[in-house]
Amino acid sequence: MLKGKKILLGITGSIAAYKAILLIRGLIKEGADVKVVMTPSAKDFVSPLTVSTLSKNEVLIDIFKEDSWANHVMLGRWADIMLIAPASCNTLSKMANGLCDNLLLSVYLSATCPVMIAPAMDEDMWLHPATKKNIAILAGYGNILLPVENGELASGLTGQGRMAEPETIICYINNYLKNSGDLKGKHALVTAGPTYEHLDPVRFIGNHSSGKMGVAIAHELFNRGASVTLVLGPTALPFNFNGLNVLRVNSAAEMYAACTKIFSEANIAVMSAAVADYTPVNVAEEKIKKKDENWLLQLTKTKDILKSLGEKKRKDQILVGFALETNNEEVNARQKMQQKNADIIVLNSLRDEEAGFGKDTNKITVFFKNGEERKFDAKSKDLVAKDIVDCITQYHA
Ligand code: CTP
């Protein structure tokens, strides 16, 4: 299943482009998110309207469109896999030689994800030494070359060079993902979002956390092969939860209960939620009416989820906490790691303009229990999630 996987499909000018339509349908049916980049000549073989309708995303063809510019770097970084199907002889040659005269080629050259290529051409072209050389160069660059099939060709001849059938390509993707995830077989628990502590049926004490960072971490862990349980507080953002097991909670007490139940089965736990530290002593059943000039509200401490998991932590589990600080950041972050027995603490400082609640970017410093420290530049939360998961997979106590 490709639930939640992001596939960037590149379509080039080849008769086999009609099969790309079936490929998109198959990928979507498997639960993948599909974005499509076409070369200008691919438009002669398949209509961008059909492609955008089936993929449910705008099709990208031109590097420049009126006064805007297609961000090829971000497209390559968005994808878990870039798949070029069909890859014509011409595009293969340009890819092998680093040419960059259309959007598809610039996305290919800047892609940081694995690239799969499904060639399609006539047999004589396929067997030409120049094509063989290009294929060898592309494989040498680490691209995954899918085998061509034998059968009826566009020329009317029969032979090698047919693009692999869409079902076969989907099988290759599934197999690749199944065998490539460095967190395959691991279970991860992630908390995200705020908690709401109710005062009465209409009021609560909450905070500005959006849950974006935690949800991005959950997706990254899933994309690397882990099964993920996301315990998510009350955020209204329309997240895509494809592939994640999501438990919705409201209060700190509910988040604590959900986490303590699951923790023993988790290999990795990432506590990114902004949990309320205090909750009202009494919750009124009816709406509280206003009375005196001042109102003293009595609050009591909530259970510290990270700390209580830290007390239960086994040697084979990695526990990651966050620290949101406005002053004395490093000292406070290291103290939190020690007091809560975490293995890793991710610090975001509210002093950084690029970090904080609701923002799409974040700037972090990661502290490890063994004293190591890593500072990262400001990045989108998706890319920060990749850095955090890299820190987890590379962690050695
Ligand atoms: N945390 C938690 N349960 C709580 C409070 C915090 O699990 N009741 C976790 C957060 O998810 C985060 C870490 O503890 O991973 C640090 O949270 P933070 O708010 O920075 O620190 P606090 O421990 O709440 O301390 P303070 O607010 O005094 O800085």
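When a ligand or atom number is given, it counts from 1 through the structure's own listing order. In this text, all values refer to a predicted model and were calculated from it rather than measured experimentally. Basis for what follows: all heavy atoms, side chains included, without hydrogens, waters or symmetry-related copies.
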Do any nitrogen or oxygen atoms of [X] lie less than 3.5 angstrom from nitrogen or oxygen atoms of ligand 1?
X: Val275; result: no
X: Lys303; result: yes
X: Ser272; result: no
X: Ile305; result: yes
X: Ala273; result: yes
X: Ala274; result: no

ask   = For atom 28 (O) of ligand 1, is the nearest protein heavy atom under 4.0 Å away?
value = no
query = Are any non-hydrogen protein atoms located under 4.0 Å from atom 3 (N) of ligand 1?
reply = yes
ask   = Do Asn174 and Glu30 meet the criterion of a side-chain donor-acceptor pair at a distance under 3.5 Å?
value = yes
ask   = Is the closest side-chain donor-acceptor distance between Glu197 and Thr195 under 3.5 Å?
value =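 Short answer, yes.
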Check each atom of ligand 1 against the heavy atoms of [X] and keep those under 4.0 Å away; list them by number with element.
X: Ala323; result: 20 (O)
X: Met271; result: 11 (O), 12 (C), 15 (O)
X: Gly321; result: 15 (O)
X: Thr302; result: 8 (N)
X: Asp277; result: 5 (C), 24 (O), 27 (O)

task = Please examine the side chains of Lys133 and Pro129, heavy atoms only from C-beta on, and report whether any two atoms are closer than 4.5 Å.
result =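 Heavy-atom side-chain distance check fails, nothing below 4.5 Å.
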Pairwise side-chain contact, Met38 with Val51, heavy-atom cut-off 4.5 Å (strictly under) = yes
Under 4.0 angstrom from ligand 1, any heavy atom of [X]?
X: Thr191; value: no
X: Lys340; value: yes
X: Ala252; value: no

inquiry  = Can you confirm if the NZ or CZ of Lys212 lies within 45° of the ring axis of Phe239 and under 6.0 Å from the centre of its six-membered ring?
reply    = no
What residue and heavy atom of the protein are closest to [atom], and at what distance?
atom: atom 13 (C) of ligand 1; result: Phe322 O, 3.0 Å
atom: atom 9 (C) of ligand 1; result: Leu306 CB, 3.8 Å
atom: atom 21 (O) of ligand 1; result: Lys336 NZ, 2.9 Å
atom: atom 1 (N) of ligand 1; result: Asp304 OD1, 3.8 Å

key: Over all atoms of both residues, closest heavy-atom pair of Gly4 and Asn223   =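 Gly4 and Asn223 have their closest heavy atoms at O-OD1, 3.9 Å.
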key: Heavy-atom closest pair, residues Leu319 and Met271   =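 Closest approach of Leu319 to Met271: CD1-CG, 4.4 Å.
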Can we say [X] and [Y] salt-bridge, meaning some charged N sits less than 4.0 Å from an Asp/Glu carboxylate O?
X: Arg162; Y: Glu165; result: yes
X: Lys369; Y: Asp343; result: yes
X: Lys5; Y: Asp33; result: no
X: Asp390; Y: Arg224; result: yes
X: Glu372; Y: Arg374; result: yes

